[in-house]
Amino acid sequence: MNEIRLLFRKDMFILLNNIKLILRNPLRLLPYAGLAGYIFFMYFMRLKSRGEDSASQEMPELDMNGIPEVNFAMQNIVGGVTILALVILIYQLYRATKNNVSFFKMADVNLLFTAPVKPENILIYYMGRSILPSLGGAIIFVAYAYSQAIDTFEVSVANFVFLILSVALFFFIISPIKFLVYTLNTKFDVMEYIRIGVIILAVLLSGMIIIPGLMAEKFWQGMFTWISSPWFDFFPIVGWSRGIASYLGHGNAVISIGFILLYGISYFAILKLVIRFAGYYYEDVLEATKSNEDKLEKVKGKKEVGESSYSLNTKKKLALPDFGTGAKAFYWRNYVHSSRQDFHPLFGLYSLIMVAIGIVLAVLSLFEWFSHYFLYGYLLIMLFLYFFAGIGRANVGDLKKPFFILVPATWASKFWNMIKLDILQISLFCVALIIPTVLIAGLNWFIIPLFLFATIEVYLIGFGINIIPQIALDEGWDRKLIKPFMIGGIVLFGFVPAFAFSIIAFVVSKQFVWALFGGTFGMFFVAAILMHVTLDVLKRLEFREI
């Protein structure tokens, strides 16, 4: 107990020093003051509108048998929030099978781990202290969210307290669970079993949405029937937080306190298991602590962010085939870099997520949750993203390497191998996205090849916009000045005519496929001209740093 008291005193001194720093420079509080002012302003406006538009509460509508009709709007809101919490929980559990969690900083590692203090006491104190950031974030989130819904729910201290606890306890309990997962793996080597269990849980939860949706007359009316039902409040963590927050509806503090006690019992059990199996955990948390410290330094700008900063598998051992010699070396280099960025060089995690979103939108449009126009908008967003992906591609290209000019191959071969992997990735992504989307939503089949060609075209246009100034111009300021004029000219004489042709085709035909055809046909000439100019200036490349 004396050791924990000393750790508490240490944190009190740190808190006092931070307060002194704030008093010396009160401008640090300006962002917080701005946020607080915005929240109070929203409270004032909502209360004012509620006072002007107050109306008597209506009884729920009854059907022919006298049974209250289901409030699908509220059911979908509750179900949507629950699904969001479940996604966060599943993601964090799966992430726990990849990386350990740390409650410490490098200063703690260097000072506390070498001090004559029991490891158990250090872990107990820091694990319990981790509720403070969760509590602070919950207060800000609930204050903002309540300001948006103040015209629906009454303002009271009890409502605030239970809402804050429901959010804070949810995010607080995740870190001890992740630490326990890594601890059990260190002791018993059960990581593969835990990973399989998390995947099975995700599949079962998905079935709890899909099955009732298919059973209902309309998918959107039944998809949240099970998830939104009161019995789901007993589902660990997510349901408990929802049970605590349900005080806003029933006003029964005993029920909400009961769910808080479930959190307390679970935390006590997790803590006992961690202390039982953690042992000397110092070595397990060192890598996670150092990684967290590096991320903070990168955010503060103290360290440069390299090409692999956003890679998922920077330390993965690779066994790649021999691709050959000559210009194929550029394709090999990009293949190796992509292999370290994701779980597969041709189709990675981010592509999988975007494909999954498209398929979900197609399924929801099939069951009349919304119209096909939302799906068409998502496809246009993908084109927009790949245009900017093409603009950003040349920033880390092989043209910055002096050996590019020395490779014994034709300029066309060098250029093709430089973008070959990108074209393959785009093609696989488009095929994986558009084919199931068209089949599920019942769209026109010609959208499949048109979307593929359009995505490649916008990528090549963005690629040409960025690479041509880098090759053709020597001075950096010339590149910065010419590029905006180049983008403006391409937009004015390339995108605008193609967009106008798409609008005319859509107005005449009332079909998205013809609008996509018009845009694809117009952008084809822009992409062809830019690629011709790129190859022309590439042949004049001199032996210099670009």
Side-chain angles (χ1 to χ4, degrees), residues 39 42-43 45-51 53-63 65-89 134-135 137-174 205 208-209 212-213 216 220-266 369:
I39 292 175
M42 293 302 301
Y43 271 108
M45 295 300 295
R46 295 284 184 177
L47 286 174
K48 184 179 179 181
S49 63
R50 186 174 69 174
D53 303 331
S54 59
S56 60
Q57 295 184 352
E58 298 180 355
M59 294 294 292
E61 296 182 0
L62 303 178
D63 62 8
N65 298 322
I67 302 175
E69 291 186 352
V70 178
N71 188 344
F72 290 111
M74 182 58 66
Q75 174 182 286
N76 290 341
I77 291 174
V78 174
V81 174
T82 304
I83 290 299
L84 179 61
L86 287 172
V87 169
I88 294 174
L89 178 64
S134 300
L135 195 61
I139 292 174
I140 296 175
F141 173 78
V142 170
Y144 173 77
Y146 216 104
S147 67
Q148 306 300 315
I150 194 173
D151 51 351
T152 305
F153 301 101
E154 293 293 334
V155 180
S156 68
V157 176
N159 287 348
F160 266 109
V161 170
F162 283 114
L163 278 178
I164 290 171
L165 288 177
S166 67
V167 177
L169 291 176
F170 172 77
F171 287 101
F172 162 69
I173 203 70
I174 289 177
L205 291 173
M208 295 179 65
I209 302 173
W220 66 270
Q221 292 181 349
M223 61 182 179
F224 292 142
T225 302
W226 291 354
I227 297 295
S228 300
S229 59
W231 65 266
F232 197 80
D233 290 350
F234 295 95
F235 186 86
I237 301 176
V238 175
W240 299 345
S241 287
R242 202 177 73 177
I244 297 172
S246 63
Y247 177 83
L248 277 71
H250 54 66
N252 192 334
V254 176
I255 296 176
S256 297
I257 292 174
F259 287 110
I260 295 175
L261 292 178
L262 287 177
Y263 264 116
I265 295 171
S266 301
W369 203 81

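Every value quoted in this text rests on a predicted model; they were computed, and no experiment measured them.
For residues 236-249, the pairs satisfying side-chain hydrogen bond (donor to acceptor under 3.5 Å, both in side chains) are Thr82-Arg242, Asp233-Arg242, Ser241-Tyr263, Ser246-His250, with sequence neighbours left out. Applying the salt bridge (Lys or Arg N to Asp or Glu O under 4.0 Å) test to every pair with at least one member in residues 74-88, sequence neighbours left out, gives no pairs at all.
With rounding to the nearest 0.5 Å, the separation of CD1 in Ile83 from CD1 in Ile88 is 11.5 Å. Atoms CG and CD1, from Leu163 and Ile139 in turn, are 12.0 Å apart once rounded to the nearest 0.5 Å. One finds the CD atom of Gln75 at 8.5 Å from the CZ atom of Phe224 (value rounded to the nearest 0.5 Å).
Taking the side chain to side chain contact (heavy atoms under 4.5 Å, CB included) definition, one finds that Val81 meets it with nothing, sequence neighbours left out. Phe170 is linked by a ring-ring contact (aromatic ring centres under 6.0 Å, His included) to nothing, counting only residues two or more places apart in sequence or in another chain. Applying the ring-ring contact (aromatic ring centres under 6.0 Å, His included) test to Phe171 and every residue at least two apart in sequence or in another chain returns nothing.
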Side chains of residues 253-261: which donor-acceptor pairs under 3.5 Å do they make with residues two or more places apart or in other chains?
from, atom 1, to, atom 2, distance (Å)
Ser256, OG, Ile244, O, 3.2

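For the pair Ser134 and Ala168, the tightest heavy-atom approach, listed with the atom from each and the gap, is CB-O, 3.7 Å.
Distance alone, capped at 3.5 Å, places no donor-acceptor pair between the Ser228 side chain and the Val78 backbone.
Among Ile237, Ile209, Leu205, the single residue meeting the side chain to side chain contact (heavy atoms under 4.5 Å, CB included) criterion with Leu86 is Leu205.
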